[in-house]
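Structure record follows, encoded as structure tokens.
Atoms within each ligand, like the ligands themselves, are counted from 1 in listed order.
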Amino acid sequence: MAEQQKLRLGVNIDHVATVRNARGGQYPDPLRAAKIAEKAGADGITAHLREDRRHISDADIEGLMDVLSVPLNFEMAATDEMQKIALRHQPHAVCIVPEKREERTTEGGLDVAREENRLAHFIAPLRDAGCRVSIFIAADQRQIEAANRIGAEVIELHTGAYCDAYAEGRFDEAQEELRRLQEMATMAHGLGLEVHAGHGLTYDTVSPVAAFPEVRELNIGHFLIGEAIFLGLEPAIAEMRRLMDEARS
Ligand SMILES: CC(=O)[C@@H](O)[C@H](O)COP(=O)(O)O
Ligand SMILES: NCC(=O)COP(=O)(O)O
């Protein structure tokens with residue numbers, strides 16, 4: 001059993017940029033959100049530069065690299081374009097995520113097993129540049145073993161199926177997804193991988209995942225940006241931080 005270690009909170013600011021881009025102006029500023037998130041207790045900032053730039057822009061990434069006092073976790077697809085951008089900025093961490101232009105949000109985990117050789121070559125320069133490489137994958141043993149084989153240091157378990165089942169009242173299915181996530185977190189930790197989790201987490205769903213002893217970091221964004229509309233960003237993040245700490249106590 002993994003010893004209980006500090007559980008880090010990565011705040012994903014993508015959807016501050018979604019609101020900004022709705023009008024095509026400069027407000028709200030994702031960089032301001034990032035600085036508020038730091039103040040509120042975020043241990044890191046996550047930003048997903050999508051190929052279609054539907055939210056975070058190249059200028060946002062430039063700005064984050066200049067202003068952040070906490071690590072940047074740069075989410076990216078496994079493309080040459082994104083690799084060049086990541087190597088130019090050399091963020092603390094990169095997280096390789098699957099991407100389809102037509103998707104509304106990340107729909108599944110990266111199919112590492114299908115393109116193991118290409119991904120091994122893709123992540124090597126990123127690791128050599130000093131970026132901590134994470135793979136965003138489903139709670140699937142075959143995928144986790146493949147992520148380990150290609151040299152990833154971290155896997156981030158996709159919590160979307162669990163969160164969606166809970167939100168839709170399919171509580172037995174949510175429980176089964178949670179069980180699978182715990183099992184895969186334990187297995188991944190046993191391989192020596194650092195285990196993260198994220199996607200769709202809310203105040204109602206975060207605690208059981210935060211209680212997994214093997215999980216070192218949760219990346220949470222969409223729900224927090226929504227809550228910020230009602231509570232303000234700093235209080236919304238502080239409440240998530242409180243729930244995570246409570247789950248670990
Ligand atoms: C990989 C993941 O679950 C998120 O970090 C990702 O950023 C989701 O994509 P959108 O932010 O575009 O919804
Ligand atoms: N990798 C997950 C992430 O960064 C945030 O996902 P979400 O909370 O915006 O669904």
Reference residue Ile13; test side-chain contact (heavy atoms from CB on, under 4.5 Å); the match among Ile36, Thr18, Leu31, Ile56:
Ile56

So which bit of [X] gets within less than 4.0 Å of ligand 1, heavy atoms only: side chain, backbone, both or neither?
| X | answer |
| --- | --- |
| His55 | side chain |
| Arg50 | side chain |
| His15 | side chain |
| Asn12 | side chain |

What I want to find out is whether [X] reaches [Y] closely enough, with some N-O distance under 4.0 Å, to be called a salt bridge.
| X | Y | value |
| --- | --- | --- |
| Glu177 | Arg180 | yes |
| Arg20 | Asp60 | yes |
| Arg132 | Glu156 | no |
| Arg170 | Glu168 | yes |

How about Met240 and Phe223: do any of their side-chain heavy atoms sit closer than 4.5 Å?
yes

How about Arg50 and Glu103: do any of their side-chain heavy atoms sit closer than 4.5 Å?
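Yes, at least one pair of side-chain atoms sits under 4.5 Å.
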
With respect to Arg104, determine whether any N or O atom, backbone or side chain, lies less than 3.5 Å from an N or O atom of ligand 1.
no

Of all the atoms in ligand 1, which lie at a distance below 4.0 Å from a heavy atom belonging to [X]?
| X | answer |
| --- | --- |
| Val97 | 1 (C) |
| Asp14 | 7 (O), 10 (P), 11 (O) |
| Thr105 | 8 (C), 9 (O), 10 (P), 13 (O) |
| His199 | 2 (C), 3 (O) |

Assign the ring pair Phe136 / His199 to parallel, tilted or perpendicular, where the plane angle (0 to 90°) is split at 30° and 60°.
tilted

Give the protein residues with at least one non-hydrogen atom closer than 4.0 Å to an atom of ligand 2, ordered by chain and number.
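Contacting ligand 2 under 4.0 Å are Asn12, Thr46, Glu75, Phe136, Glu156, Gly198, His199, Gly200, Asn219, Ile220, Gly221, His222.
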
Any idea which protein heavy atom is nearest atom 8 (C) of ligand 1, and the distance to it?
Thr106 OG1, 3.2 Å

Tell me the protein heavy atom at minimum distance from atom 5 (O) of ligand 1, and give that distance in Å.
Glu75 OE1, 2.5 Å

Can you tell me how far the CG atom of Leu193 sits from the CD atom of Glu145, to the nearest 0.5 Å?
10.0 Å

How long is the gap from CG on Leu64 to NE2 on His89, to the nearest 0.5 Å?
9.5 Å

Throw together a table of side-chain donor-acceptor distances under 3.5 angstrom for residues 66-74, partners on residues two or more places apart or in other chains.
{"residue": "Ser69", "atom": "OG", "partner": "Lys35", "partner atom": "NZ", "Å": "3.2"}
{"residue": "Asn73", "atom": "ND2", "partner": "Thr46", "partner atom": "OG1", "Å": "3.0"}

